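Some notes on the structure that comes next.
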Amino acid sequence: TLTAVVTNGGPSPATNVAFTGFDSIVRTHLIDAVTASQGSCAAAASPNPLQCLLGTLASGASATVTVVARPTLTVFQGSSQYTLAVSAQAAVRADEQEPTPVNNSASTSFDVRIPIADIQLTASIAPQVVDLLQPVTITAVVRNNGPDVATNVTFRGLDLIVNTHTIDSVSVSQGSCLPPPYNYSPITCQIGTLAPGTSATITVTARPTVGVFQYDFQQEVVVNAQADATADQSDLAPANNSVLTTFRARRPAADVQLA
């Protein structure tokens, strides 16, 4: 919210008082409201400055112009910074002669910051060695390390597990996951919002099929479980947004002897 106060220091009444300015705000922000305590304001239209016609101000009287705006990413156009100072400048005029024109304009500034959320994904698998058609559980934890709230948090992955295993169950501690069958698509869970320092857990129970041994005649094969997590906010540590862990799938074996 930007608040500008126009005061007539006298000694005569000021007529046709006009407020003009905040060009940079109009160009880089969504303008929600522009109001004046007297007179009227034109609708904001980028790239033009805001204009309010305040009418007559008696000596010693004031009028207030209030602007409610929301910064957009345009503020950061051409910059790699995550915090920038935004300048707001405006000026006023009236029909009467101005004895001190230096105070007819004013400027102020405020900081705009891009929200940042460090999304971290970890995973564990049990057991580490699983026989064909026996259950294995993959547990993935999505955590927001902050400093800001993370919105639209999404977990996606485990493509190889989907393609070579029978998926028995998929669950998440908050939000929802698309249910099987996945038809060769990755498992996707919409977690929603995570406050700083909080986490959500995805649990997948699956059973390896013979597809895991395709073109491999070894007794055991290494199975990769890979996934990633994202959010709407900027992430200064994207390396921890993905995880790769493994387990071993084993063919059943029995040494049958005849004596």
Side-chain angles (χ1 to χ4, degrees), residues 1-3 24-33 67-88 108-126 128 136-162 169-179 182 185-206 224-247:
T1 300
L2 295 87
T3 304
S24 62
I25 305 301
V26 174
R27 289 194 303 268
T28 59
H29 289 59
L30 296 175
I31 307 299
D32 291 334
V67 179
V68 180
R70 288 173 290 141
T72 68
L73 285 176
T74 307
V75 170
F76 296 89
Q77 190 169 11
S79 173
S80 59
Q81 302 298 313
Y82 286 86
T83 301
L84 284 180
V86 176
S87 177
T108 187
S109 65
F110 58 94
D111 287 342
V112 174
R113 185 173 65 89
I114 294 178
I116 297 171
D118 175 18
I119 297 298
Q120 181 181 24
L121 178 62
T122 58
S124 61
I125 299 177
Q128 277 294 294
V136 60
T137 300
I138 303 166
T139 305
V141 178
V142 182
R143 177 181 171 84
N144 176 16
N145 292 326
D148 296 311
V149 172
T151 58
N152 195 28
V153 179
T154 303
F155 168 91
R156 184 179 290 107
L158 303 183
D159 308 51
L160 181 61
I161 305 301
V162 169
S169 65
V170 178
S171 63
V172 63
S173 59
Q174 76 169 62
S176 62
C177 299
L178 293 176
Y182 295 103
S185 298
I187 293 174
T188 302
C189 299
Q190 301 294 340
I191 294 170
T193 299
L194 284 179
T198 64
S199 60
T201 301
I202 299 96
T203 305
V204 177
T205 302
N224 292 330
Q226 189 169 10
D228 59 66
T230 59
D232 285 343
Q233 287 64 37
S234 294
D235 195 327
L236 300 185
N240 64 3
N241 288 26
S242 59
V243 67
L244 170 63
T245 188
T246 64
F247 64 98

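Keep in mind that this is a model prediction, so the values were computed, not measured.
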message = As an exercise, state the distance from CG of Asn241 to CZ of Phe155, rounded to the nearest 0.5 Å.
response = 12.5 Å
Considering all heavy atoms, the nearest Ile191-Ala200 contact = CG2-CB, 3.6 Å
ask   = Ser234 and Ile114: which non-hydrogen atoms are nearest, and at how many Å?
value = OG-CG2, 3.4 Å
inquiry  = Does any part of the side chain of Pro196, heavy atoms only, come nearer than 4.5 Å to the side chain of Val149, both counted from C-beta?
reply    = yes
message = Applying side-chain hydrogen bond (donor to acceptor under 3.5 Å, both in side chains), can you list everything that pairs with Thr72, at least two apart in sequence or on another chain?
response = Thr74
task = Could you grab the distance from atom CG of Asn152 to atom CG of Leu194, nearest 0.5 Å is fine?
result = 11.0 Å
query = Between Ala150 and Asn144, what is the shortest heavy-atom contact and its length?
reply = N-ND2, 3.4 Å
inquiry  = Working to the nearest 0.5 angstrom, can you tell me the gap between Thr188 OG1 and Leu178 CG?
reply    = 5.5 Å
ask   = Looking only at atom types and distance, does a side-chain atom of Thr151 sit under 3.5 Å from a main-chain N or O of Asp232, one as donor and one as acceptor?
value = no
query = Checking Ser173 side chain against Thr201 main chain: does a donor-acceptor pair fall under 3.5 Å?
reply = yes
key: Taking every non-hydrogen atom, the tightest pair across Ile119 and Asp235   = N-OD2, 3.0 Å
For Pro147 against Ile116, the heavy-atom pair lying closest together = CD-O, 3.3 Å
inquiry  = Rounded to the nearest 0.5 Å, what separates atom CD in Gln81 from atom CZ in Phe76?
reply    = 9.5 Å
message = Under the criterion side-chain contact (heavy atoms from CB on, under 4.5 Å), I'd like the reasoning laid out for Val67 against His29: C-alpha separation, chi angles, the key distance, then a yes or no.
response = CA-CA 11 Å; Val67 179; His29 289 59; over 6 Å; no
key: Ala225 versus Ile138, closest heavy-atom pair with distance   = CB-CD1, 4.4 Å
ask   = Does some side-chain heavy atom of Leu84 sit less than 4.5 Å from a side-chain heavy atom of Ser79?
value = yes
request  = To the nearest 0.5 angstrom, please state how far the CG atom of Asp32 sits from the CZ atom of Arg70.
outcome  = 4.0 Å
message = Closer than 3.5 angstrom, by distance alone: can the side chain of Gln226 be matched with the main-chain N or O of Ser242 as a donor-acceptor pair?
response = no
ask   = Atom CG of Asp111 and atom OG1 of Thr83: how far apart are they, to the nearest 0.5 Å?
value = 6.5 Å
task = Take Asn145 and Asn240, measure what side-chain contact (heavy atoms from CB on, under 4.5 Å) needs, and give me the verdict at the end.
result = CA-CA 11 Å; Asn145 292 326; Asn240 64 3; 4.2 Å; yes
